[in-house]
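Here the structure comes first, spelled out in structure tokens, and everything after it is commentary.
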Amino acid sequence: MAVKRRPLRTKILLHLGLLPFLIFALFPFYHMTLTSLKSDRELYDRQAVPLLIQQGPTLEHYQKLLWETGFLVWTKNSLLVTLLATTISVIIGTVAAYALARLKFFGVATFGTGIFVTYLVPTSLLFLPLAQVVYWLGLADSKWALVVTYPTFLVPFCTWLLMGYFRTVPKEVEECAMVDGATRLQALTRIVLPIAIPGLVCAVLFAFTLSWNEFIYALTFTSSSEEITAAVGVTSELIRGDIYFWGGLMAGGVLASVPIVLLYVFFLDYYVSGLTAGAVK
Amino acid sequence: MAIGSARVAAPPAALGIRVRELLDRERFLGPAFVSPALLLIGLLVAYPFCMAIYFALSNAFIGRPSQFVGFANFINLWESDAFRQTFQNAFVFTGAAVAFKLVLGITLALLLNQQLWFTRLLRGAVLLPWVIPTALSTLAWWWMFEPLYSVVNWTGTALGVMDPPGPNWLGQKYYAMTAVVTVNVWRGLPFFAITILAGLVSIPKELYEAAEADGAGPISRFWHVTLPLLKPVLAIVVLFSTIFTFSDFNIVYVLTHGGPINSTHLFATLARQIGLESGQIGQGAAVSLYLFPVLVFVVWAQLRFVRKQAY
């Protein structure tokens, strides 16, 4: 296009058009953070302005959250489950994706379709019978139930995402290596994986995010305070009988989102590219 | 590796044998590579799915042996008001949410596709609701809709568009549905916008130049160039979103628990309430299975129209 320089006015109008979208997207986070920093006195003062902190910020909700609730245990559980489930799923997904992208063998097409179908199965379709399976495995009310079940949605996802990346690696590079005497496995670990590192980073990030954010399985398979994850702990254990729990609840929401926000800030471009790879729930 | 070194030592004349050996390996390596995934899917997806069907056809109850009852669960469900309400809710919720996400998503993508300041920062901000755990961000919305201290109502009153005290968002039927749809749109919009943006970027600039040279204005360029070329992307996004909106659990569970009087229940939340909270697993599994036809439709449409190539 002949680069036409837009007049400044048009450009400002464009940004103004974006403003409602930005407010819509960000306001809940702003309000959540703000609430978590307000003293109870201001929070429940109906004359106060809810959009600002006027009586000084306070960390009392955070202190209570960390020292008087099980928040740290829940976060530890979340980290354990997420790290294990992510590792297992990325490994299983990598080998399966490589087989789908490169190898010819009996039933490969059927398997590929199977992975795709599983990838679309929503977790809310199977949580009841899975609860029964978890019980049979002796994992009822245990965080290990989550380590075992999370790969059911992470593996199809990783496989699907990585298959796309592996296909972009030219076949010839690998064939050259194998003509030079490398085995298939060596070709995979030394040639294909290093080239597909952006894909692997994407798979790890998305698997981490999906399992950190998972809710229905965690809510169904675990219940005691020592076993639940951060999302379940915050939504179910911080709500007390009276109405004055909002400060602590919002503090929990903010803190339990921190790991994801950190990853997001550092790897924003991977999130965008992974999302646009059509690889998303 | 012994075989490897033997192969390296083999003279070039053995090329044919080497290729055959490779094929053999592939035939072995392929199944070996997919078997962990296959085992997992078989054990924890396919098997539970069969169990779901069995449960749905039985009178399974937590901690009690079950008997086959045929389609009794499905018939009972159709006779219950809660289920019929849920059935209706699911379509209203999905239809409204997907429509809003589509229209707003195209608008937002068109805006983001312009030359802007702080492009990366803007994209980051827009994508944020999609990354944060839904169960937690929905808590923020819950607080924003709290009847006494609702910041939405406070702002509305301050701007003069609402009469104080403003609507009781989560306590009244239609307002509650509006609230859950709003949160779902909020959460799903980034996926639409960013994916559609990727589609927009891939449209060749020359087409716009040609259309412009033919005298097409911005609106006609949108209808005759942008929209037709975006169709495949839009189809993928809408199909994906349909299945995951239809099966949504988190938002409704946290925001309304299905209330008031079942007016926001979806299949997933009702299945949990019937199957776990009142212990009728059979009945609950039957509710869950109503998600299945939607899944079948989406899979079929994806395989048939969107991805010409199987898998």
Side-chain angles (χ1 to χ4, degrees), chain A residues 1 14 17-18 21-22 24-26 28 31-32 35 50 92 95-96 98-99 103-105 108-109 111-113 116-118 120-122 124-126 128-130 133 149 151-152 155 159 181 183-184 209 213 215-216 231 234-235 246 249 253 256-257 260 264 268 271-272 275-276 278 280-281, chain B residues 1 4 8 25-27 29-31 33-34 36-37 40-41 44-45 48-49 51-52 55 108 111 114 123-126 128-129 131-137 139-141 143-144 151 154 191 194-195 198 205 209 236 243-244 247 249-250 254 268 275 281 284-285 288 291 295 298-299 310-311:
Chain A
M1 202 192 301
L14 273 173
L18 267 174
F21 286 101
L22 282 179
F24 183 48
L26 297 180
H31 194 55
M32 192 179 210
T35 305
I92 298 182
V95 288
Y98 180 76
L103 305 179
K104 292 187 197 74
F105 57 95
V108 61
F111 177 71
T113 313
F116 181 66
V117 172
T118 320
L120 289 176
V121 172
S124 47
L125 178 62
L126 293 179
L128 283 173
L130 257 183
V133 174
T149 50
T152 57
V155 165
T159 309
T183 62
R184 267 273 171 199
T209 310
N213 297 2
F215 188 61
I216 185 168
V234 171
T235 46
W246 291 101
L249 191 65
S257 307
I260 297 297
Y264 182 65
L268 174 63
Y271 276 96
V272 174
L275 192 69
T276 48
V280 167
K281 293 223 167 187
Chain B
M1 210 177 274
V8 173
R25 283 165 152 261
E26 206 163 303
R27 217 173 286 154
L29 203 62
F33 270 11
V34 298
L40 182 87
I41 291 173
L44 294 175
V45 180
F49 180 71
M51 271 174 76
F55 277 157
L108 183 52
L111 283 169
Q114 308 295 324
R123 282 183 198 179
V126 163
L128 198 62
V131 192
I132 303 295
T134 317
L136 300 176
S137 52
L139 290 174
W141 282 98
W143 169 230
M144 284 163 63
V151 67
W154 186 90
F191 171 57
I194 299 292
T195 316
K205 296 258 186 303
E209 285 166 27
I236 292 185
I243 178 73
F244 291 108
S247 63
F249 173 83
N250 302 359
V254 173
I281 301 188
S288 272
L291 294 171
L295 176 70
V298 169
V299 168
Y311 81 80

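The structure presented is a predicted model; accordingly, all values stated were derived computationally and were not measured. Chain letters run A, B, ... following the sequence lines, proteins first, then strands; residues in each count from 1. Only heavy atoms go into these numbers, but all of them, side chains included; no hydrogens, no water, no symmetry mates.
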- Take the angle between the ring planes of A:H31 and B:W143 and call it parallel below 30°, perpendicular above 60°, tilted in between. parallel
- Task: Applying side-chain hydrogen bond (donor to acceptor under 3.5 Å, both in side chains), name anything that partners B:T134, two or more places apart in sequence or on another chain.
- Result: B:R187
- Task: Please determine, among B:V299, B:V254, B:V151, the option with the most heavy-atom pairs under 4.5 Å with chain A.
- Result: B:V151
- Item | Option that, when pairs with chain A are counted at under 4.5 Å, heavy atom only, ranks first among B:I132, B:V126, B:I281, B:V298 | B:I132
- Below 4.5 Å from any heavy atom of chain A, which atoms of B:L128 appear? Answer side chain, backbone, both or neither. both
- Query: What is the minimum heavy-atom distance between B:A125 and A:L22, and which atoms define it?
  - Reply: CB-CD2, 3.8 Å
- With side chains defined as the heavy atoms from C-beta onward, is the minimum distance between B:L111 and A:F21 less than 4.5 Å? yes
- Task: Could you check if a side-chain atom of A:F105 sits within less than 4.5 angstrom of a side-chain atom of B:V34, using non-hydrogen atoms only?
- Result: yes
- Message: Less than 4.5 Å apart, side chain to side chain, heavy atoms only: is that true for B:I243 and A:P122?
- Response: yes
- Toward chain B, the part of A:F24 with a non-hydrogen atom under 4.5 Å: both
- Quick one: side-chain hydrogen bond (donor to acceptor under 3.5 Å, both in side chains) partners of A:T209, sequence neighbours excluded? A:Y271
- Nearest heavy-atom contact between A:S124 and B:L291 is OG-CD1, 3.8 Å
- Given B:I41 and A:T152, is the side chain to side chain contact (heavy atoms under 4.5 Å, CB included) satisfied, shown in steps? CA-CA 6 Å; B:I41 291 173; A:T152 57; over 6 Å; no
- Message: Which atoms of A:L18 are under 4.5 Å from chain B, going by heavy atoms: the side chain, the backbone, both sets, or neither?
- Response: both
- Task: Answer whether the closest heavy-atom distance between the side chains of B:P133 and A:F215 falls below 4.5 Å.
- Result: no
